[in-house]
Student: 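Dropping the structure in here first, questions after.
Remember, predicted model here, so these are calculated numbers, not experimental data.
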Amino acid sequence: SCPSSPCGHCAATAAAASMEVDAGQGSQTVEAVQWFHCPSCDKTVTGLVRGTGPENTDLMSRTHCCRCCQNGSGHDAHWCAGLPSQMFREVEILGDLTAPPLRAHYLLVEPHERKARPAPALLWLHGAATYTWPETLCKDVQAFVDANPATRGFAVIAPLATSGEPLAEVSDWRRKQDRFQNDVPYVETFHVQRTWDCFLAACRALGPGCVDFDRLCVTGFSMGAQAAWNIGLRFGDHIAALAPMAGCCSWPGNCWEEEGTLARISQVSIRAYSMEADNRSYAWRDFAWLARHRGLPRESMQSTVPIPEDTRLRKFKEGPNEFTNYCWGIPVGSGAGAGTSCELASRGEAPVQPSAPDLQLTLLRGGEEDHNCWDLVYAQEETFGLLRWMACCRRTPGAGGVR
């Protein structure tokens with residue numbers, strides 16, 4: 001049922017039931033699966049379309065990516081449930097010690113600009129809404145890549161923590177309606193170990209000639225931001241740069257009390273972004289704690305920068321109009337007017353390691369949006385310099401690396 005090869009995880013997690021559907025030429029039986037090929041195009045389709053419920057059953061095809069494709073009339077802009085097969089990947093990861101390996105899935109955007117040296121790899125973590133609508137991941141990743149030309153110098157790896165996937169931790173108490181308006185358990189977060197294993201396996205599949213394992217970077221928004229923090233706590237000594245968007249650290253299991261956590265998270269450069277009004281998505285005490293344990297001043301340096309009107313988000317009547325950087329220590333570069341090392345990286349020359357890992361919180365304000373800061377930060381490289389900064393960062397010398 002998976003595009004590249006039979007998938008043990010998909011078979012194990014798929015429902016045993018089959019159903020009768022109208023395939024356009026009479027009824028036919030289709031099996032419930034995790035993913036399947038659309039027979040009329042190059043898309044891989046989520047098996048969630050083969051469910052049923054009180055609403056929307058007539059809007060989705062059970063055999064194709066959408067009704068339009070099934071009828072030979074293009075693709076439905078809203079209801080197409082397919083992902084481009086050329087981006088869709090499957091990788092085998094370990095589950096429980098006594099269980100067979102699991103199959104995780106992700107989208108891959110390979111570096112467009114192949115240089116003499118390997119490229120940084122970016123782990124890109126989606127928000128919670130993707131759990132029930134996995135097909136939206138492609139639109140989000142593609143919007144990021146299209147809006148920011150700097151992505152052409154990165155390998156972008158976007159795992160799927162969606163319904164039925166091993167990277168999703170299902171909540172014991174959160175419930176939401178699925179695409180058929182059934183009340184179902186919702187996602188809690190990304191599974192940290194499995195998500196990291198998926199990322200490393202994806203990087204290894206590309207090979208050391210493509211990926212620079214000293215420049216592994218992590219970003220994510222909302223639920224993905226919390227997962228980015230948690231991955232930093234667990235694997236910070238392997239990570240060059242961490243950029244959570246609109247999500248704070250959950251500190252699972254009181255891990256701030258563990259000496260190893262402090263050692264790992266102190267190794268990684270961090271730039272976090274939030275809307276200032278979204279005060280549940282950032283915690284001042286976290287940055288004060290990190291600064292203290294890094295030997296940095298408790299009080300941050302501050303600089304407020306206006307956002308030019310022509311770069312604000314078009315989907316809101318008025319996007320954020322300014323942001324403030326709160327920096328503990330001296331950053332390499334902060335977007336517009338970034339330092340020499342970032343300019344070297346943007347020209348494809350050797351990146352320069354900062355004298356100490358960055359620690360910065362950026363708060364955006366103004367406009368109508370009170371949570372989504374990521375669309376603007378991801379898109380406006382000239383204003384925020386996110387990827388240019390990431391390209392500068394390298395894993396701290398002496399920290400444990402991976403290959």
Student: As a quick check of understanding, evaluate side-chain hydrogen bond (donor to acceptor under 3.5 Å, both in side chains) for Glu381 and Asn148, giving each step before the final call.
Tutor: CA-CA 6 Å; Glu381 187 67 21; Asn148 194 331; 2.8 Å; yes
Student: Look at atom CZ of Arg175 and say whether more than 12 heavy atoms of other residues, nucleotides or ligands are closer to it than 6.0 Å.
Tutor: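 Yes, enclosed.
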Student: How about Gln302: does its CD atom have over 12 heavy atoms from other parts shown lying under 6.0 Å from it?
Tutor: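 Yes, the 6.0 Å shell around CD holds more than 12 heavy atoms from other groups.
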Student: How about Leu94: does its CG atom have over 12 heavy atoms from other parts shown lying under 6.0 Å from it?
Tutor: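 Result for CG/Leu94: open.
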Student: Is a side-chain donor-acceptor pair under 3.5 Å present for Thr57 with Thr52?
Tutor: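 Absent: no donor and acceptor within the cut-off.
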Student: With a 4.0 Å cut-off on N to O distance, would you call Asp76 and Arg67 a salt bridge?
Tutor: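 Between Arg67 and Asp76 there is no salt bridge, as every charged N stays at least 4.0 Å from the carboxylate O atoms.
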Student: Mark yes or no: Arg50 above the aromatic ring of Phe36, with NZ or CZ under 6.0 Å from the six-membered ring centre and no more than 45 degrees from the axis.
Tutor: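 Because its charged atom sits under 6.0 Å from the ring centre and within 45° of the axis, Arg50 does stack over Phe36.
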Student: Can you tell me how the ring of Tyr326 sits relative to the ring of Trp284, calling it parallel under 30°, perpendicular over 60° and tilted otherwise?
Tutor: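 Ring orientation of Tyr326 relative to Trp284: perpendicular.
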Student: Would you sort out whether Glu135 and Trp79 count as a side-chain hydrogen bond (donor to acceptor under 3.5 Å, both in side chains), showing the intermediate values?
Tutor: CA-CA 9 Å; Glu135 61 269 34; Trp79 290 106; over 6 Å; no
Student: Could you go through the side-chain hydrogen bond (donor to acceptor under 3.5 Å, both in side chains) check for Asp286 and Trp229 one step at a time?
Tutor: CA-CA 11 Å; Asp286 290 352; Trp229 276 111; over 6 Å; no
Student: Can a salt bridge be assigned to the pair Arg395 and Asp214 using a cut-off of 4.0 Å between side-chain N and carboxylate O?
Tutor: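 Yes, this pair counts.
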Student: Does Arg62 reach the main-chain N or O of Val49 with its side chain, forming a donor-acceptor pair under 3.5 Å?
Tutor: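 The answer is yes, because a donor-acceptor pair under 3.5 Å joins these two groups.
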